[in-house]
Amino acid sequence: MIVCVAVVGHQNNPLYIQSFTEADDALKLHHIVHCSLDVVDERGLLSRHTVLVKFDSGVVLCGNKKKAAADGAVYSKLNNPKKSSPTLNETFLGLLYPTENYKVYGYLTNTKVKLILVTTDLDVRDADVRNFFRNFHAAYVDAVSNPFHVPGKKITSRTFAERVSTIVKSFGLSSGS
């Protein structure tokens with residue numbers, strides 16, 4: 001069951017946080033979302049700046065393309081858009097971290113906006129989470145495409161909130177559970 005979803009801006013400012021629990025866990029869930037931002041930043045930076053370096057002795061991950069070239073290494077970016085594998089360009093970050101009661105998943109848009117999902121399900125399929133983030137991202141894009149929305153400000157659209165609620169209610173239904 002999804003207990004919280006969040007949209008966090010590129011400057012780590014909360015744009016939208018919604019909890020879906022009966023209990024008064026809003027502050028706790030807000031804290032969990034905030035803690036996940038460090039993991040999102042680490043994974044996002046790793047996927048954008050990591051260079052695969054091949055030496056005679058093996059393959060090494062190196063953070064600096066110029067240093068790798070200076071060392072005479074053959075390198076290629078990990079997220080090469082010319083590759084056909086969908087996982088190389090994927091903005092789905094997967095499981096960020098588990099806690100005792102929750103699992104936190106992340107998604108990073110190309111504009112560095114972070115989408116966060118907190119769930120109590122311990123056996124969530126990656127396909128369901130990816131599908132959730134695709135729908136959630138589409139709803140976010142529609143909300144910020146509104147000409148009356150001010151970029152970087154909180155999302156206050158009732159249509160967006162209703163659409164997110166619908167996406168949350170349909171989460172995991174395709175898996176037959």
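Computed from a predicted model, the values in this text were never measured in an experiment. The analysis underlying the following values was restricted to heavy atoms, covering all of them including side chains, and did not include hydrogens, waters or symmetry mates. The first residue of the sequence shown is numbered 1, and numbering continues consecutively from there.
- Across all non-hydrogen atoms, the minimal contact from Ile2 to Thr119 is N-OG1, 4.1 Å.
- For the residue pair Gly106 and Phe92, the shortest heavy atom distance occurs at O-CD1, 3.8 Å.
- Judged as a side-chain hydrogen bond (donor to acceptor under 3.5 Å, both in side chains), and not counting sequence neighbours, the contacts of Thr111 are Thr109.
- With rounding to the nearest 0.5 Å, the separation of CG in Asn135 from CD1 in Ile167 is 5.0 Å.
- Using a 4.5 Å heavy-atom threshold, the side chains of Phe171 and Asp128 count as touching.
- Using a 30° and 60° split on the angle between ring planes, Tyr107 and His137 fall in the tilted class, from 30° to 60°.
- Side-chain heavy atoms closer than 4.5 Å link hydrophobic residues (I, L, V, M, F, W, Y) into clusters, and following such links, even through other members, never connects Val118 to Ile17.
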Could you go through Tyr97 and Ile32, starting from their C-alpha distance and side-chain angles, then the distance that decides it, and tell me whether this counts as side chain to side chain contact (heavy atoms under 4.5 Å, CB included)?
CA-CA 10 Å; Tyr97 68 91; Ile32 289 172; 3.4 Å; yes
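- Side-chain atoms of Asp41 and Lys114, non-hydrogen and from C-beta on, do get closer than 4.5 Å to each other.
- Put simply, the side chain of Tyr105 does not reach to within 4.5 Å of the side chain of Ile116, judged on heavy atoms.
- The two residues Ser165 and Phe20 come nearest to each other via the heavy atoms OG-CE2, 3.8 Å.
- The shortest side-chain heavy-atom distance between Val168 and Phe132 falls under the 4.5 Å cut-off.
- Counting only distance, with no hydrogens or angles, the side chain of Lys112 and the backbone of Asn110 share no donor-acceptor pair below 3.5 Å.
- Looking only at distances, no side-chain donor or acceptor of Lys103 sits under 3.5 Å from a matching main-chain atom of Pro98.
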Would Lys28 and Asp25 count as a salt bridge (Lys or Arg N to Asp or Glu O under 4.0 Å) if you check the C-alpha gap in whole Å, the side-chain angles of each, and the deciding distance to 0.1 Å?
CA-CA 5 Å; Lys28 180 180 178 181; Asp25 289 339; 5.5 Å; no
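- The two residues Val33 and Ala6 make their nearest non-hydrogen contact at CG1-CB, 3.7 Å.
- For the residue pair Ser19 and Leu29, the shortest heavy atom distance occurs at CB-CD1, 3.7 Å.
- Inter-residue side-chain proximity for Cys4 and Tyr102 is flagged as unmet; no heavy-atom pair is nearer than 4.5 Å.
- Using a 4.5 Å heavy-atom threshold, the side chains of Tyr140 and Ile155 count as touching.
- Closest heavy-atom contact between Val164 and Phe136: CG2-CE1, 3.6 Å.
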